[in-house]
Amino acid sequence: MTLSDPSAQPVLECRALSKSFKGFYAVRDVSVAIADKSVHAVIGPNGAGKTTFFNLLTKFLTPSSGAIFYEGRDITRESPWSIPNMGIIRSFQISAVFPDLTVLENVRVSYQRSQGYDYQFWVSNRKLDDFDDRCMAFLKQVGLERDAMLHAGSLPYGRKRALEIATTLALSPRVMLLDEPTAGMGHESIGLVTELIQEARRDRTIVLVEHNLDVVKDLSDRITVMQRGQVLVEGSYDAVSNDPRVIEAYIGGDLMEDVGRV
Amino acid sequence: MILPEKSRATLYLYAALFLLGVLAPFVVYPMFVMKIYVYGLFAVAFNLLFGFAGLLSFGHGAFFGTAAYATGHAIKVWGLTPDVGILFGVLLGTGLAGVVGAFAIQRAGIYFAMITFALAEVVHFIAMKMPLTGGENGLTQVRRGMFLGVFDLSVPLVMYFVCFGIFILAFLFFLRIIHSPFGLALRAMKDGEDRAISLGYSPPRLKFQAFILSGMLAALAGSLKVVVFEFASLSDVHWMTSGHVILMTLLGGVGTYIGPVFGSLVVTFLEDYLSFLGQWVTIITGCIFIVCVIGFRRGVCGEINVLYDKLRRGRAARQGDPDTTRAEQAGE
Ligand SMILES: Nc1ncnc2c1ncn2[C@@H]1O[C@H](COP(=O)(O)OP(=O)(O)O)[C@@H](O)[C@H]1O
Ligand SMILES: [Mg+2]
């Protein structure tokens, strides 16, 4: 585990963030500071508001109140597509690849963006053929190089998730927000994804929503536990797992079964 | 590799079609073939928006017709040459597409279609009331003149090859758009808008740009139409024209490249060669449309693509299987 300097400016921070859906608070008064180059896990029972929290941070949802700062700059009013361009890339809880594009095109559409090619309709793709080599390298990293020409929609679930990570990496983000990257995966794939995250964390910040507590334990520097839209506890894995409120919440039947032992 | 083989097959197809296009005016009535190009290009424009951005416009006739009137007016009343006239028509049509697009892309799905439809109806109404469109009579007797100072368009074969040339250039432009960073981003957005946003693409910008480019190509088709047929009329801005182009595209294959041109060929053939059937043509076209939607949803060219992929995969599988390969060799 890398120890991050608490006095340093957090790379991503939210203050008193709330989101209500017609009076129901999915996220309420959440303040979290994510330290630079750390892995910060967000855990909590289903419906705790973790995905909503991610949607707020990436501006897919507009906060009802509160503010979001990135590198000290207020980004509360930014559009959702300007967030990735600042270096914050998210993944989705439900696997999101472009099914009708080939595996290679999935990575390419992401990589070209990082190279400043996005809306140019007069540039020939053939001129940018060397992109393919870089994209193949990203695919190789996640073990998908042999599937490059397949339609992404035809991949099995685990490989879709791996592809999603490859497309995320292709943008070389500063901050990655991963929403349950190992959900629905078998043991082997979980190992692969954990390795990928270990690899990715070396030069970037990762915010991770994860149900598998083994993964959380191995990876995280800091953990925020959410419950009913609010922050229950925040701290290191040891501190959090020994906190009576967390134990109560996890044993109190409020939680999903697959959590196992805390 | 898979891709080069397919693009080689496509290249052969385009070469064969090009040859056909060169020979066509000596075999069939040039006006008939030019009509295929004009409406084919119009359908290609529509397909760029529908097939690649997933936006169904019900008002593309507005850009087609506006450009036709503008070019016709520039040539007939202002006495401009057809090249400048076409340029003027395309500019005006594209400008209109910019206005309509800015409103329409704010909404998705059926609301998008309704906005384009409503704004096209406004254009139709204006065209009906404006004196310089000639109202119900239309804008007739637009003389073709000299194109770029050297091509005398009053000679039918010259007109044909200029029309053919413009069509090819426009189609190549369409292919470039599809095979550009923008084209890839557009297809990605159609596939998953949220995911595209999460990579940093702005759907409003992608859609607006697609709308303008599509409107521009539709306008070019309209300008070409008035030069070829020497008249523009209310039917060019009518919603029937917008519907026609949807039919051609669906028939040929949404999201294919050459498919919409094929759709234009079928519809034009029905209209011109079965015109003695009068109203029945509409019914026949309607029936073909229904068969198409129910029977082969991908359109003619879309089905061919799928068939080709299947054959290729079958062949690849056989090649990969040593037993079959040996059996085949023995058979030969
Ligand atoms: N768009 C929405 N409209 C209404 N309620 C929502 C919406 N999105 C999420 N919620 C509610 O907010 C709560 C938190 O959901 P979510 O953020 O998905 O939880 P988690 O990801 O922690 O499982 C749930 O009760 C959910 O029903
Ligand atoms: Mg969730």
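Here is the naming used below: chain letters follow the sequence lines, and residue numbers restart at 1 for every chain. Atom set for the values below is all heavy atoms of this structure, side chains included, hydrogens, waters and symmetry mates excluded.
Atom CZ of A:F21 is surrounded by more than 12 heavy atoms from other residues, nucleotides or ligands within 6.0 Å. The number of heavy-atom neighbours closer than 6.0 Å to CZ of B:F262, taken from other residues, nucleotides and ligands shown, is 12 or below. Atom CD1 of A:I94 sits in a sparse spot, with 12 or fewer heavy atoms from other residues, nucleotides or ligands closer than 6.0 Å. Open room surrounds CZ on B:F18; 12 or fewer heavy atoms of other groups in view lie less than 6.0 Å from it.
Of all the heavy atoms in A:W81 and B:P203, the pair that sits closest is CE3-CD, 3.7 Å.
Separating the OG atom in B:S198 from the CD1 atom in A:I83 is a distance of 12.0 Å, to the nearest 0.5 Å. A distance of 7.5 Å separates CG of B:L199 from OG1 of A:T168, quoted to the nearest 0.5 Å. Atom NE2 of residue B:H179 and atom OG of residue A:S124 lie 9.0 Å apart, to the nearest 0.5 angstrom. Distance check, rounded to the nearest 0.5 Å: CD1 of B:I197 to OG1 of A:T58 gives 9.5 Å. Atom CD of A:Q112 is separated from atom CG of B:L184 by 5.0 Å, given to the nearest 0.5 angstrom.
Heavy-atom distances place both the backbone and the side chain of A:S110 under 4.5 Å from chain B. Residue contact with chain B, scored on non-hydrogen atoms closer than 4.5 Å, involves the side chain of A:F60 exclusively. Within the 4.5 angstrom heavy-atom criterion, no atom of A:L177 approaches chain B. Residue contact with chain B, scored on non-hydrogen atoms closer than 4.5 Å, involves the side chain of A:L171 exclusively. Heavy atoms closer than 4.5 Å to chain A are found in the side chain of B:L213, but not in its backbone.
Chain B forms the most heavy-atom pairs under 4.5 Å with one residue out of A:R90, A:E105, A:K59, and that residue is A:E105. If you tally non-hydrogen atom pairs under 4.5 Å between each of A:W122, A:F92, A:F131 and chain B, the highest count goes to A:F92. Contact count versus chain A (heavy atoms, under 4.5 Å) is highest, among B:A188, B:G183, B:A185, for B:A188. Counting heavy-atom pairs closer than 4.5 Å to chain A, the top-ranked of the candidates B:D194, B:L186, B:L175, B:I177 is B:D194.
The shortest side-chain heavy-atom distance between B:Q209 and A:Y119 falls under the 4.5 Å cut-off. Using a 4.5 Å cut-off on side-chain heavy atoms (C-beta onward), B:P181 and A:D118 make no contact.
Using modelled atom types, no side-chain atom of B:R195 and backbone atom of A:V97 make a donor-acceptor pair closer than 3.5 Å. Looking only at distances, no side-chain donor or acceptor of A:D100 sits under 3.5 Å from a matching main-chain atom of B:D191. Looking at A:R113, its side chain does come within 3.5 Å of a backbone N or O of B:G200 through a donor-acceptor pair. Within the 3.5 Å criterion, the main-chain N or O of B:S180 finds no donor-acceptor partner in the side chain of A:Y117. At distances below 3.5 Å, at least one donor-acceptor pair connects side-chain atoms of B:Y201 with backbone N or O atoms of A:V109.
Because its NZ or CZ atom is not both nearer than 6.0 Å to the ring centre of A:F98 and within 45° of the ring axis, B:R187 does not count as a cation-pi partner of that residue.
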